[in-house]
Each structure stands twice: as C-alpha cells, then as structure tokens.
Amino acid sequence: MSFFKNIFGSSEDESTTSKVHWRELTDLGQLNEIINESTEQPVIIFKHSTRCSISRFSLKQFESEFDLEGKVIPYFLDLLNHRDISNEIAIRFGIEHQSPQLILIQDGKATYDASHDAISVASVKRNLE
C-alpha cells in the first residue's frame with residue numbers, strides 16, 4: 001500500500017502545504033472577479049478531482065514545478081464540491097470540461113488549457129502573453 005501512496009499520494013496529502021498560494025474557487029461570482037483580474041495579470045484555474053489518483057498526481061507535479069509566483073494568480077477548483085462552477089467555466093470560456101484540467105485566462109479569455117499529463121508550468125510559461 002505504501003508503494004501506491006508514494007506514487008499517487010493519498011487523500012491525507014491534500015492538506016499538506018503547497019508552495020502555490022492557491023485561492024479556492026468556491027462561488028460562481030468569483031468567475032467575474034477572475035475575468036476582471038485577468039485584465040491586469042494572468043489567472044490560472046486548476047480543476048481537480050479529489051478522488052482521482054491521476055488528478056492528484058498532476059496537481060502534485062504542477063505544484064512541485066511551480067515558479068510563477070507573482071506572474072499568475074492561481075485558483076484551485078475542487079470538482080467534486082463545485083461541479084456547477086466547472087460547468088460554468090466551460091460555458092463562459094468555451095472549453096470542454098476535463099479533469100484534471102489547467103486553464104490560463106488572459107484579458108478575460110481562456111488562452112490555453114491542458115489536461116492530464118499535458119499540464120505543466122513550462123506550458124503555462126510558453127502561453128503567457
């Protein structure tokens with residue numbers, strides 16, 4: 001069991017401290033704030049399923065690579081608790097729902113999104129305007 005825990009983590013790992021200063025996305029009204037914020041500074045949204053080992057692995061990998069402090073505003077969306085927000089993101093930004101998924105928003109528009117193993121800090125950096 002500890003072998004799998006080392007590879008995929010566990011639900012207990014969700015509470016460990018991250019070097020990413022995530023803002024929790026918990027309310028539909030925050031999407032308006034995100035659109036406004038993205039006109040001043042790029043915003044990323046990480047959509048995460050807390051029950052999925054692939055999503056957990058992608059999140060931990062992204063967090064370990066993260067060196068964008070001050071360059072992007074990072075939001076975290078717990079899909080299991082806020083599926084309505086995920087659905088609204090798909091509608092407002094015209095992107096298909098994925099899990100896990102990273103979305104880069106600049107000037108009020110989704111300019112890049114990636115899912116699963118395509119999620120990386122390097123890909124965000126390549127797409128920053």
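No hydrogens, no waters, no symmetry mates; every other heavy atom, side chains included, goes into these values. Along the sequence shown, the residues carry numbers beginning at 1.
Applying the salt bridge (charged side-chain N to carboxylate O under 4.0 Å, His left out) test to residues at least two apart or on different chains, the pairs with a partner in residues 66-85 are Asp67-Lys125. Applying the salt bridge (charged side-chain N to carboxylate O under 4.0 Å, His left out) test to every pair with at least one member in residues 89-103, sequence neighbours left out, gives these pairs: Glu88-Arg92. Counting only residues at least two apart or on different chains, no salt bridge (charged side-chain N to carboxylate O under 4.0 Å, His left out) pair has a member in residues 106-124.
Using a distance-only test at 3.5 Å, with no hydrogens or angles considered, a donor-acceptor pair links the side chain of Gln30 to the main chain of Thr26. At distances below 3.5 Å, not a single donor-acceptor pair connects side-chain atoms of Gln61 with backbone N or O atoms of Ser58.
Listed by chain and number, the residues in a side-chain contact (heavy atoms from CB on, under 4.5 Å) with Ala114 are Tyr112, Ala118, Ile119 (sequence neighbours excluded). Glu33 pairs by the side-chain hydrogen bond (donor to acceptor under 3.5 Å, both in side chains) definition with nothing, not counting sequence neighbours. By the side-chain contact (heavy atoms from CB on, under 4.5 Å) test, Pro74 pairs with Val20, Trp22, Ile44, sequence neighbours left out. Not counting sequence neighbours, the partners of Arg23 by the salt bridge (charged side-chain N to carboxylate O under 4.0 Å, His left out) test are Glu37. Judged as a side-chain hydrogen bond (donor to acceptor under 3.5 Å, both in side chains), and not counting sequence neighbours, His116 has no contacts. Applying the side-chain hydrogen bond (donor to acceptor under 3.5 Å, both in side chains) rule to Ser55 yields the partners His48; only residues at least two apart in sequence or on another chain are considered. With sequence neighbours excluded, no residue satisfies side-chain hydrogen bond (donor to acceptor under 3.5 Å, both in side chains) with Glu24. The side-chain contact (heavy atoms from CB on, under 4.5 Å) search around Thr111 returns Leu104, Gln106, Glu129, not counting sequence neighbours.
With respect to His82, the side-chain contact (heavy atoms from CB on, under 4.5 Å) criterion is satisfied by exactly one of Leu77, Leu25, Asp27: Leu77.
Here the CG-CD1 distance, from Leu102 to Ile45, works out to 9.0 Å after rounding to the nearest 0.5 Å. One finds the NE2 atom of His97 at 5.5 Å from the CG atom of Leu79 (value rounded to the nearest 0.5 Å). Annotation: the span from Leu59 atom CG to Ser49 atom OG amounts to 11.0 Å, rounded to 0.5 Å.
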**OP:** Take Gln41 and Val72 through the test side chain to side chain contact (heavy atoms under 4.5 Å, CB included) and record every step on the way to the result.
**Re:** CA-CA 6 Å; Gln41 186 173 14; Val72 298; 5.6 Å; no
**OP:** Test Gln101 against Ile95 for side chain to side chain contact (heavy atoms under 4.5 Å, CB included), laying out the working first.
**Re:** CA-CA 10 Å; Gln101 186 174 34; Ile95 55 173; 4.1 Å; yes
Original post:
Could you go step by step and tell me if Ile34 and Ile73 meet the side chain to side chain contact (heavy atoms under 4.5 Å, CB included) rule?
Top reply: CA-CA 9 Å; Ile34 287 170; Ile73 301 169; over 6 Å; no
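The hydrophobic clustering, which links ILVMFWY residues whose side-chain heavy atoms are closer than 4.5 Å, places Phe57 and Leu80 apart. Residues Tyr75 and Val121 fall into different hydrophobic clusters, defined by Ile, Leu, Val, Met, Phe, Trp and Tyr side chains chained together at heavy-atom separations under 4.5 Å. Under the 4.5 Å side-chain contact rule for hydrophobic residues, Leu28 and Val43 share a cluster. Ile35 and Ile103 fall within the same hydrophobic cluster, defined by Ile, Leu, Val, Met, Phe, Trp and Tyr side-chain heavy atoms under 4.5 Å apart, directly or through other members.
Taking 4.5 Å as the limit, some side-chain heavy atom of Pro100 sits within range of a side-chain heavy atom of Phe46.
With no hydrogens or angles considered, no side-chain donor-acceptor pair links Lys47 and Ser99 at under 3.5 Å.
Minimum interatomic distance between Glu63 and Ser18 (heavy atoms only, all atoms of both residues): OE2-OG, 2.9 Å. The two residues Gly108 and Thr39 make their nearest non-hydrogen contact at N-CG2, 4.5 Å.
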